[in-house]
Trainee: 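Okay, handing you the structure first.
A quick note: this is a predicted structure, and the numbers were derived from the prediction, not measured.
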Amino acid sequence: MEKLLGQLFNAAAAAGDLVIQLEVKGDKETTIYNIVSKASQVSLGKGEAPQKADVTVTILDAHFNDLVQGRFAMAIMRGWVKVKGNPKNVLKVVQMLRKNSGAVAS
């Protein structure tokens, strides 16, 4: 999953200051990633965000593609994605993770 995030990460799409925590729940464990956009510098890391996240997105790993491909509204309605914080920031998450519109294997 970390390699997948690195391949999908689109730093050019980051706008403004934003701290995002992405929690990907697998069958046995949850893996946490953070995306920090500050002053035109963007970083992707593993583990909890270094400061309070503006938005926390929790998603089942089986439905990660829905988030990346922009189908997060459907995923939220079906309970596959949980958002804590400002839901508008989810759009920024999707833009920063999506380099192309093709399918993504998880």
Trainee: About how many Å separate CD1 of I20 and CG of N34, when rounded to the nearest 0.5 Å?
Mentor: 9.5 Å

Trainee: Are side-chain heavy atoms of K25 and T31 found at a separation under 4.5 Å?
Mentor: no

Trainee: If you look at every heavy atom in V36 and K38, which pair is closest and at what distance?
Mentor: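 Reported closest heavy-atom pair: CG1-CG, 3.8 Å.
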
Trainee: Under the side chain to side chain contact (heavy atoms under 4.5 Å, CB included) rule, what do L22 and I32 come out as? Steps first, then yes or no, please.
Mentor: CA-CA 6 Å; L22 178 62; I32 299 173; over 6 Å; no

Trainee: Which value, rounded to the nearest 0.5 Å, describes the distance between D27 atom CG and D61 atom CG?
Mentor: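 The CG atom of D61 is 6.5 Å from CG of D27, to the nearest 0.5 Å.
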
Trainee: With rounding to the nearest 0.5 angstrom, report the CG to NZ distance, D54 to K84.
Mentor: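 NZ of K84 is found 12.5 Å from CG of D54.
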
Trainee: For the atom pair OG1 (T56) and NZ (K82), what is the distance rounded to the nearest 0.5 Å?
Mentor: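 With rounding to 0.5 Å, OG1 (T56) is 14.0 Å from NZ (K82).
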
Trainee: About how many Å separate CD of Q21 and CD1 of I35, when rounded to the nearest 0.5 Å?
Mentor: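 So the gap between those two atoms works out to 10.5 Å.
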
Trainee: Using only heavy-atom distances, determine whether the side chains of E23 and T58 contain a donor-acceptor pair under 3.5 Å.
Mentor: yes

